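Shown next, in structure tokens, is the structure this report addresses.
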Amino acid sequence: MGLLKIDESKCKQDGLCAKDCMTAIIRIPEGGGFPYISPDMENMCRVCGHCVAVCPHGALSHELIPIEKSPAIKDELKISQDQAVQFLRTRRSIRFYHDKPVEKEKIQKLIETARYAPTGSNSQMVEWQVLTDKSVIRNLAAKTVEWLRQLLKDDPSIAKTSPYLYQVLAAWDAGYDPVLRKAPVVIVASAPKEAMSGATDIILALSYLELLAPTMGLGTCWAGLLNGALLALPSLKEDMDLPENHPYHFPLMLGYPKAKYYRLPERKQPKITYR
Ligand SMILES: Cc1cc2nc3c(=O)[nH]c(=O)nc-3n(C[C@H](O)[C@H](O)[C@H](O)COP(=O)(O)O)c2cc1C
């Protein structure tokens, strides 16, 4: 049996699946007929599911993207442009968290949704580490601060481009956590070196996760300082059980925000060139 399963009682032979196929391997027989993929081309299928999604008749199922697992889009859940713009602009970096654990079901839902972010060539190779142990998180922050301290000692000129780094050390020494902000959860997305667009894929997946989090009352913040330390200190990757062959990684803090925001802060005007 081939990759495509056509319900011949529903298929209108309109060719929409063939036109939308990413690798153009879906064919319609000359003179009309039902769509098919010839067996020698099946290995070119990127399993993107466009053929299932684009059929208005629900006539096409894919061996690896079954129609039963591809729910119909609900018109009543569509959001307006104004809603979407406000939603995107209300996303904030959260740096103060309640000392409250995040339910595992919520973390699961966030990651389950983040896997729908686009990946290069639909490779879907992003993997996840979820850290909830306070002592592990604290230890990561401490090692990041030590790394920064050494970095500034070895080359104080770094502070010229990143003057806030001394503030980070001062805050840590005063008993604050400027690295992971005492977040109850740190989620790390990573991808193996085989992932063609691994660096981009993990950022997109984390962006999906970050955008969904506020709908559950949660907030996030990108942990750039920790990621810098992760890039510099292989031992830190071991502390986090990050797979050895995963050069692409980025950690995100997660927790219940203490702050509530009432306005949408302005940003720089975009520099755009139209040609
Ligand atoms: C790649 C990246 C790394 C970041 N690293 C940190 C970080 O280590 N600590 C922090 O407090 N914020 C970090 N941020 C958050 C930015 O400072 C924040 O996005 C910016 O100030 C704008 O604020 P907003 O996210 O609330 O719009 C990071 C953001 C990005 C995109």
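For clarity, every value in this text was computed on a predicted model and none was experimentally measured. Read the numbers this way: they start at 1 and go in the same order the structure lists the ligands and their atoms. Counting from 1, the numbers follow the sequence of the chain as shown.
With contacts defined as side-chain heavy-atom distances shorter than 4.5 Å, the pair Ile73/Lys78 qualifies. Between Leu4 and Tyr36 there is no side-chain heavy-atom pair separated by less than 4.5 Å.
Residue pairs meeting the side-chain hydrogen bond (donor to acceptor under 3.5 Å, both in side chains) criterion with at least one member in residues 155-164, sequence neighbours excluded: Asp155-Ser157.
With hydrogens and angles disregarded, a donor-acceptor distance shorter than 3.5 Å links the side chain of Ser70 to the backbone of Pro66.
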Residues Asp173, Arg149; criterion salt bridge (Lys or Arg N to Asp or Glu O under 4.0 Å); working and verdict: CA-CA 11 Å; Asp173 294 341; Arg149 211 185 288 282; 2.8 Å; yes
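Applying the 6.0 Å contact sphere to CD of Gln108 captures no more than 12 heavy atoms from other residues, nucleotides or ligands.
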Just the distances, no angles: every ligand 1 N or O to protein N or O pair closer than 3.5 Å, one line each.
unit_1	atom_1	unit_2	atom_2	d
ligand 1	5 (N)	Trp222	O	3.0
ligand 1	5 (N)	Gly224	N	3.0
ligand 1	8 (O)	Gly224	N	2.9
ligand 1	8 (O)	Leu225	N	3.1
ligand 1	11 (O)	Arg95	NE	2.6
ligand 1	12 (N)	Arg95	NH2	3.2
ligand 1	17 (O)	Arg95	NH2	3.0
ligand 1	19 (O)	Ser93	OG	3.3
ligand 1	23 (O)	Arg267	NH2	3.4
ligand 1	25 (O)	Arg91	NH1	2.9
ligand 1	25 (O)	Arg91	NH2	3.2
ligand 1	25 (O)	Ser93	N	3.4
ligand 1	25 (O)	Ser93	OG	2.5
ligand 1	26 (O)	Arg92	NE	3.0
ligand 1	26 (O)	Ser93	N	2.8
ligand 1	27 (O)	Arg91	NH2	3.0
ligand 1	27 (O)	Arg92	NH2	2.8
ligand 1	27 (O)	Arg267	NH2	2.6

